[in-house]
Amino acid sequence: MNLPNPTRFVLPLMVLAMAASAANPPRPSIDKTRPVRMDQRFVVRHKEREVATILSSSFLVLDEKARAQTPQDFHRLLVRFADGARVAMYSSGDYRDENAYLIRTLVVDANKGEWVLLTIKGKKRGKGFGSAKATMEREDHEALVGFETRRLRLSREFEGALSKGRAGEIFQTAEPQLVELLQKVRRELPSRGDPSIARAIPEMFSHYLLLPEVPECDHVVERLQHLLANDEPEPAKPLDSEFEAEFGKWASWRELPRLKGN
Amino acid sequence: MTMRRPSAWRTWALVFAMVAATPAVPWGWDCYGGWDPNQTCTSQASSCGSCGSCCTIIFDCNSARSGKFRHLAMTEYGAYQGHCLTDWCS
């Protein structure tokens, strides 16, 4: 009886092994009590047509107890639309002050250099994300909310007063292009079931500025890649440096991009 | 006077009527039919198909609250998604 030559199977087996290894990368070794950088790349599609690419980057702590003590968090979403528009969005939380928290949320038209900054400040007791969360959960807590653009500064008002005041009307009248920018992101991303949660940032603006409703789209958002690693003590490697570079000075990490004089 | 035993149909009808009349006891935030945003995504993954899908549903529930909560929700969603990714849920 002639036995098959085993060397005929070596190469196919090697190819299979390599493919399996690429499909199942080794489990990352992560200290969940220390901050991580989590990068994710998404594509937004309308049927077969690609609408946008999103690179999401977050700085946060995975472990719940450790997260309660964390002094800062940071989210960045870089969105490149198929029509050439580029939007950089940020939301950062600063919980270092024992008596107050500060959330700063920014949307930038990276092609034109126009931006709108939302600041939310509130009193709290104790340091860390946990104390800010506990404060916000209280029904009697109201934060102070303010807006700023290159041309406009709306001084902070209590949240409850915004719906009764004229801040939304003033902003929509004075900054129609920024309104359109916010609305564009809201129109092109689904309001539910979106794993990128990119729409969350313009929705924060919409909530306080009372922007008009937008029609719901039937676009689908799919995650293509991710990279997760501790960002301390050494900075983690970005998932896509080339994509970040397309946004130039409007792509920054762990801090908002410089606004004044930029 | 003798009492007749109620029929099985009548007994079950009575049970259903009692259940329907009992006020529902809230067990969690009823969002999209029962997802509890205070539970981790992993604990509900078997119900919504995947760890990541649960995280997204819970985020959508939490972000329905006012503006500043969306930032908190983004951080907690990110943490849950990171947990899903590191534990290889998908």
Side-chain angles (χ1 to χ4, degrees), chain A residues 24 27-30 32 36 38 40 56-64 66-67 70 73-75 77 91-93 101 103-105 118 120-122 129 132-133 136-137 141-143 145 159 162 190-197 199-201 203-209 221 223 226-228, chain B residues 20 22-90:
Chain A
N24 297 296
R27 183 191 296 245
S29 172
I30 292 169
K32 294 183 180 179
V36 300
M38 182 170 72
Q40 302 178 82
S56 160
S57 305
S58 290
F59 173 81
L60 43 82
V61 173
L62 301 186
D63 178 80
E64 186 175 359
R67 186 165 66 251
T70 193
D73 55 21
F74 179 90
H75 305 282
L77 293 127
S91 195
S92 70
Y101 64 84
I103 294 170
R104 301 173 74 212
T105 305
L118 160 68
I120 305 172
K121 190 167 184 177
F129 175 87
K133 181 181 175 186
M136 289 188 201
E137 296 282 349
H141 172 70
E142 271 198 299
V145 176
E159 291 176 274
L162 281 172
S191 61
R192 290 181 176 181
D194 172 8
S196 80
I197 64 169
R199 186 168 161 167
I201 288 179
E203 288 296 337
M204 290 172 71
F205 286 88
S206 171
H207 174 83
Y208 290 121
L209 292 172
V221 184
R223 180 170 58 217
H226 69 270
L227 185 62
L228 197 151
Chain B
T22 303
V25 176
W27 58 274
W29 186 1
D30 186 10
C31 176
Y32 300 170
W35 311 118
D36 183 352
N38 295 315
Q39 296 294 321
T40 65
C41 308
T42 312
S43 66
Q44 302 181 75
S46 61
S47 301
C48 53
S50 73
C51 188
S53 297
C54 277
C55 294
T56 306
I57 291 171
I58 292 171
F59 171 80
D60 290 342
C61 293
N62 278 319
S63 65
R65 305 168 76 184
S66 71
K68 60 183 183 288
F69 288 102
R70 283 186 196 267
H71 177 84
L72 293 186
M74 290 179 73
T75 297
E76 298 205 307
Y77 170 79
Y80 291 151
Q81 278 287 21
H83 175 71
C84 291
L85 293 170
T86 55
D87 289 349
W88 294 107
C89 299
S90 64

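Everything numeric in this text was worked out from a predicted model, so none of it was measured. Proteins come first, then strands; the chains are lettered A, B, ... in the order of their sequence lines, and each starts at number 1. The figures here come from the full heavy-atom set of this structure, side chains too, leaving out hydrogens, waters and symmetry mates.
B:H71 NE2 to A:I120 CD1: the interatomic distance, rounded to the nearest 0.5 Å, is 8.5 Å. From A:K133, atom NZ reaches atom CZ of B:F69 across 10.0 Å, with rounding to the nearest 0.5 Å.
Heavy atoms closer than 4.5 Å to chain B are found nowhere in A:S206, neither backbone nor side chain. In this structure, chain B has a heavy atom under 4.5 Å from the backbone of A:D194, while its side chain stays farther away. Contact annotation for A:Y101: only side-chain heavy atoms (C-beta onward) come within less than 4.5 Å of a heavy atom of chain B.
The two residues A:M38 and B:G78 make their nearest non-hydrogen contact at CE-O, 3.2 Å. The minimum heavy-atom distance between A:V61 and B:A79, with the atom names listed, is O-CB, 3.8 Å. The nearest pair of heavy atoms linking B:K68 to A:A143 is CD-CB, 4.1 Å.
When the side-chain hydrogen bond (donor to acceptor under 3.5 Å, both in side chains) test is applied to A:S58, the partners found at least two apart in sequence or on another chain are A:H75. Shown here are the ring pair (Phe, Tyr, Trp, His ring centres under 6.0 Å) partners of A:F129, two or more places apart in sequence or in another chain: A:Y95.
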TODO: Could you check B:T75 against A:R67 for side-chain contact (heavy atoms from CB on, under 4.5 Å), going step by step and ending with a plain yes or no?
DONE: CA-CA 9 Å; B:T75 297; A:R67 186 165 66 251; 4.0 Å; yes
- [ ] Step by step, work out the side-chain contact (heavy atoms from CB on, under 4.5 Å) result for B:Q81 and A:R223.
- [x] CA-CA 12 Å; B:Q81 278 287 21; A:R223 180 170 58 217; 3.9 Å; yes
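When each of A:L60, A:L77, A:D73 is tested with B:M74 by the rule side chain to side chain contact (heavy atoms under 4.5 Å, CB included), just one qualifies, namely A:L77.
Ranking A:T105, A:L62, A:V36 against chain B, the residue ahead of the rest is A:L62, based on heavy-atom pairs under 4.5 Å.
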